[in-house]
Amino acid sequence: MINISLPDKSIRQVEVGTTAMDIAKSISEGLARNVLSAKFNDSVIDAFRPLTEDGSLQLLTWKDDEGKATMWHSSAHLMAEAVQQLYPEAKFGIGPNIENGFYYDIDFGDKTITQDDLTKIEKKMKELASQKQIFVRTEVPKVEALKTFKDKGDEYKVELIEGLQDGEISFYQCGDFTDLCRGPHIPSTSHIKAIKLLSIAGAYWRGDEKRKQLTRIYGITFPKKKELDAYLVLLEEAKKRDHRKIGKELELFTFSQRVGQGLPLWLPKGAMLRERLENYLKQVQKDAGYEPVITPHIGAKELYVTSGHYAKYGEDSFRPITTPNEGEEFLLKPMNCPHHCEIYRTKPHSYKELPIRYAEFGTVYRYEQSGELHGLTRVRGFTQDDAHIFCRPDQVKEEFKAVIKIVLQIFTALDFKNFITQISIRDPKTPEKYIGTDENWEKAENAIIEVAEESGLDYIVEEGEAAFYGPKMDFMVRDAIGRKWQLGTIQVDYNLPERFELEYIGKDNKKHRPVMIHRAPFGSMERFVAVLIEHTAGKFPLWLTPEQVRILPISEKYHEYAEKVLLLLKNYEIRAEIDYRSEKTGRKIRDAEIQRVPYMIIVGEKEETSGKVSVRRQGEGDKGSMSTDNLIKMITEEVQNAL
RNA sequence: GCUAUUGUAGCUCAGGGGUAGAGCACUUCCUUGGUAAGGAAGAGGUCAUGAGUUCAAAUCUCAUCAAUAGCUCCA
């Protein structure tokens, strides 16, 4: 007998060889019907895998991320089975599940796959799924595994198997399709009720551009048709929120071929919005004891040789700028920290002065590969809301905490309610990849984790994701339609203080090395504005939006009154415009709605004689009439409450 | 950077070896109106750039540039 503990802390004594499915059935038939896989001592296994030792068991269903993953992984197999039946010549690469669905890389030989083929494959998949095929696991010796796929002529699988250890190779069979696979899989294809193949793309075998390009088919499946429909609606919604589209519509930013790839041009409305964001953060930082500094856009090449970045990135960067003088070279700055280090070095520092916090909206230039550029989220010139904190080792924790506070304050002000943090620490297996003493690393890593705990953050720890110079914490927000975006980052750095020989005089009258904390709550203004656009679908919070109020006179007769109202609003620094066009009110409203102007003020005879205004809220409709005083009060309160 | 697709008016897009099209936006005129498109007229394009094929190229071919998607990358 073995002891299996369940998430409710109960312990069941069962016979060796009992499966997760058996346990599910003993709880309820309904649960058993929904079980996709199970988590046994931290590894996800088939629901039909016999349990042979004590351990903790969690049954996974569609509600669990791992359950979804199992389902999508199995769906990839189902797709491969369909492909094999329709195109017997096809050879298979890899077919994993991904965040939303799955893909399979397939070599179709000379055949090009089109949208029509996807429909065909989809149909076949539905047919096969309804056959309620079960997934059968077999463990296979390496020799035999190699033989199977050599006989089949599938060189990709052969290559994959060659990289595996004997004894860890398993096959899964589903219908007449057998695949090399670690598993786990769902109990049967009957769980797959709704299928959509989404797109086709080329992908190099093993991500290597020198090797053959395979056809990658992306798809997603659901246990209910309704969920698929909802997902497709979501995809449409995402398309509508694309910041490149909205940025154009609202005249926020543009790109020009003549200026160059990946170099955004901020239009007046976008620049105003960005400026408000910057001013907001400047105020927050001022309150938190940051000091502004300003540094130039270029720096001598030596500066980056000293920082170590030239060795690491120099080859893949913009070429150095030369001068008429022999041997003189400058680089466009790819980051602000070396400049800030030099500012720190201008005079000796006492331990009493620390922490010193230098903040700068510093524009940096990085030569991203052309294929990587994407709207405002990936550009070659961007402005970081950067700051560097120079502190004593004993202050790291406290400073880190203070930075987190700023980040949270900003997220709240901008209505990012859902976010998680990722703490990236060293990979203990490869200590040679990191610089600095073990002691410092341990201290910093522990400090970050403690701070995360104390700040009540929802965090995950990723081993091996740390920068070579120190551990970091990244903030990932979920936007209004559930997509994840990485925004702010806080990094602890022992490297640059060393390289720049930064010092402070301690209480003991000896020289000590400060610790640097790099931090950027927005990350970059470009990326942040892009995310903000997609999060809000262009309906920015009132305090940020370029045009807060549009005054719509019913006819020319009321232009004068409109101007009177405009003047009143301007006195309170409310950003308002008048629509002077000789259009009907319905038209003016429609245009203001499309341009996402939060408040529309309609003024006509009624308003002029009563000295009031009619208010309409974007997306909500008519709000009735009120006095201008009340309007101003309403708007200023809305702005103040947001910050 | 690699592969594929695309590039026609400010925007969204149709067309296609023989004088360039629509809707919206824009300008002017009419209209002076009450909560998501009033009417008419007009103006606007070397069809991304360069070369080639052809009697003739926006259209076909090649190259370049850019955009889009995926891959690889991201201090």
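Every chain is numbered from 1 and lettered A, B, ... according to where its sequence line falls, protein lines coming before strand lines. We use all heavy atoms of the structure for the numbers below, so side chains are in, but hydrogens, waters and symmetry mates are not.
- At rG1(B), none of the side-chain N or O atoms of Tyr204(A) fall inside 4.0 Å of OP1 or OP2 (strictly under the cut-off).
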Step by step, work out the side chain to side chain contact (heavy atoms under 4.5 Å, CB included) result for Ile517(A) and His388(A).
CA-CA 6 Å; Ile517(A) 296 173; His388(A) 294 98; over 6 Å; no
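- Residue Ser370(A) places at least one side-chain N or O closer than 4.0 Å to OP1 or OP2 of rG1(B).
- Gly207(A) comes within 4.0 angstrom of sugar-phosphate atoms only, judged by non-hydrogen atoms across all strands, and of no base.
- In this structure, Ser614(A) reaches the bases: a heavy-atom distance under 4.0 Å links it to at least one base atom across the strands shown.
- Gly371(A) comes within 4.0 angstrom of a nucleotide base, judged by non-hydrogen atoms across all strands.
- A gap of 45 Å separates the C1' atoms of rU28(B) and rU54(B), to the nearest Å.
- Nearest-nucleotide assignment on RNA chain B puts the 5′-proximal partner with Pro553(A), out of Pro553(A) and Gln618(A).
- Comment: Lys564(A) does not engage Glu608(A) in a salt bridge, judged by the lack of any side-chain N to carboxylate O separation of less than 4.0 angstrom.
- Spacing between atom NZ of Lys606(A) and atom C1' of rG33(B) amounts to 13 Å, rounded to whole angstrom units.
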Do any N or O atoms of the protein come closer than 3.5 Å to N or O atoms of nucleotides 73-75 of chain B, and which pairs are they?
unit_1	atom_1	unit_2	atom_2	d
rC73(B)	O2	Arg378(A)	NH2	2.9
rC73(B)	N3	Glu372(A)	OE1	3.3
rC73(B)	N3	Arg378(A)	NH1	3.2
rC74(B)	N1	Arg378(A)	NH2	3.4
rC74(B)	O2	Arg378(A)	NE	3.3
rC74(B)	O2	Arg378(A)	NH1	3.4
rC74(B)	O2	Arg378(A)	NH2	3.0
rA75(B)	O4'	Tyr313(A)	OH	3.1

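- Residue Lys557(A) places at least one side-chain N or O closer than 4.0 Å to OP1 or OP2 of rG33(B).
- Spacing between atom CZ of Arg211(A) and atom P of rC71(B) amounts to 18 Å, rounded to whole angstrom units.
- Residue side chain Glu593(A) reaches the base of rA36(B) through a donor-acceptor N/O pair under 3.5 Å, judged by distance alone.
- Taking the six-membered ring where tryptophan is involved, the planes of Trp441(A) and Tyr434(A) are perpendicular, since the angle between them exceeds 60° and thus also 30°.
- The closest donor-acceptor contact from the side chain of Arg596(A) to the backbone of Ala537(A) lies under 3.5 Å.
- Relative orientation of the Phe253(A) and Phe255(A) rings is perpendicular, given thresholds of 30° and 60° on the angle between their planes.
- Between the CG atom of Leu252(A) and the CD1 atom of Ile533(A) there is a distance of 5.0 Å, given to the nearest 0.5 Å.
- Summarising the geometry, the separation between CZ on Arg206(A) and C1' on rG70(B) is reported as 19 Å, rounded to the nearest angstrom.
- Comparing the C1' positions of rA58(B) and rA9(B) gives a spacing of 14 Å, expressed to the nearest Å.
- Taking atom CG on Asp579(A) and atom P on rG34(B), their separation rounds to 16 Å, with Å as the unit.
- Judged purely by atom type and a 3.5 angstrom limit, Arg527(A) uses its side chain to pair as donor or acceptor with the backbone of Gln486(A).
- Atom CZ of Arg274(A) is separated from atom CG of Leu532(A) by 13.5 Å, given to the nearest 0.5 angstrom.
- A donor-acceptor pair under 3.5 Å is formed between the side chain of Lys157(A) and the backbone N or O of Gly93(A).
- Whole-Å rounding puts the Lys584(A) NZ to rG33(B) P distance at 10 Å.
- Cation-pi geometry between Arg550(A) and Tyr599(A) is not met: the NZ or CZ atom fails to fall both under 6.0 Å from the ring centre and inside 45° of the normal.
- Distances shorter than 4.0 Å separate none of the side-chain N or O atoms of Arg590(A) from OP1 or OP2 on rU35(B).
- In RNA chain B, stems built from 3 or more consecutive Watson-Crick or G-U wobble pairs, each with both distances under 3.5 Å, span B:1-7 with B:65-71, B:10-13 with B:21-24, B:26-30 with B:38-42, B:48-52 with B:60-64.
- Nucleotides rA57(B) and rU53(B) place their C1' atoms 9 Å apart, quoted to the nearest Å.
- Here Arg244(A) lies in heavy-atom contact (under 4.0 Å) with sugar-phosphate atoms only.
- Between Met600(A) atom CE and Ile551(A) atom CD1 the span is 13.0 Å, to the nearest 0.5 Å.
- Rounding to the nearest 0.5 angstrom, the gap separating the CG atom in Leu332(A) from the OH atom in Tyr304(A) is 8.5 Å.
- Of the C1' atoms belonging to rA14(B) and rA36(B), the separation is 28 Å, rounded to the nearest Å.
- Between His297(A) and Tyr365(A), the ring planes are tilted. Angles from 30° to 60° get that label.
- Here, rC26(B) and rU68(B) have their P atoms 27 Å apart, quoted to the whole Å.
- Mapping Ile594(A) and Gly375(A) onto RNA chain B by nearest heavy atom places Ile594(A) at the nucleotide closer to the 5' end.
- When rounded to the nearest whole Å, the span between CG of Leu214(A) and C1' of rA69(B) equals 17 Å.
- Heavy atoms of Tyr218(A) sit under 4.0 angstrom from primed sugar atoms or phosphate atoms, though from no base atom.
- For rU3(B) and rC62(B), the P atoms lie 14 Å apart once the distance is rounded to whole Å.
- Side-chain proximity of Ile589(A) to rC71(B), rG34(B), rA36(B): nearest is rA36(B).
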For nucleotides 8-13 of chain B, which of its nitrogen or oxygen atoms have a protein nitrogen or oxygen under 3.5 Å away, and what is each distance?
unit_1	atom_1	unit_2	atom_2	d
rU12(B)	OP1	Lys248(A)	NZ	3.3

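- Between Phe92(A) and Tyr104(A), the gap from one ring centroid to the other is short of 6.0 Å.
- Comparing the same atom, P, in rG39(B) and in rC71(B) gives a spacing of 47 Å after rounding to whole Å.
- Separating the CG atom of Asp105(A) from the P atom of rU3(B) is a distance of 18 Å, rounded to the nearest angstrom.
- Taking 3.5 Å as the limit, the base of rU31(B) and the side chain of Ser582(A) contain a donor-acceptor pair of atoms between them.
- At a cut-off of 3.5 angstrom, counting only N and O atoms as typed in the model, there is a donor on one side and an acceptor on the other between the side-chain of Arg616(A) and the base of rA36(B).
- Within the 4.0 angstrom heavy-atom criterion, no nucleotide atom of any strand lies near Glu251(A).
- To the nearest angstrom, C1' of rC65(B) lies 12 Å from CZ of Arg380(A).
- Taken to the nearest 0.5 Å, the CD atom of Glu372(A) stands 5.0 Å off from the CZ atom of Arg378(A).
- The base of rG39(B) lies outside donor-acceptor range of the side chain of Glu583(A), with no N or O pair under 3.5 Å.
- Straight-line distance between the C1' atoms of rG7(B) and rG45(B): roughly 14 Å, to the nearest whole Å.
- In this structure, Gln261(A) reaches the rA67(B) phosphate: one of its side-chain N or O atoms is under 4.0 Å from OP1 or OP2.
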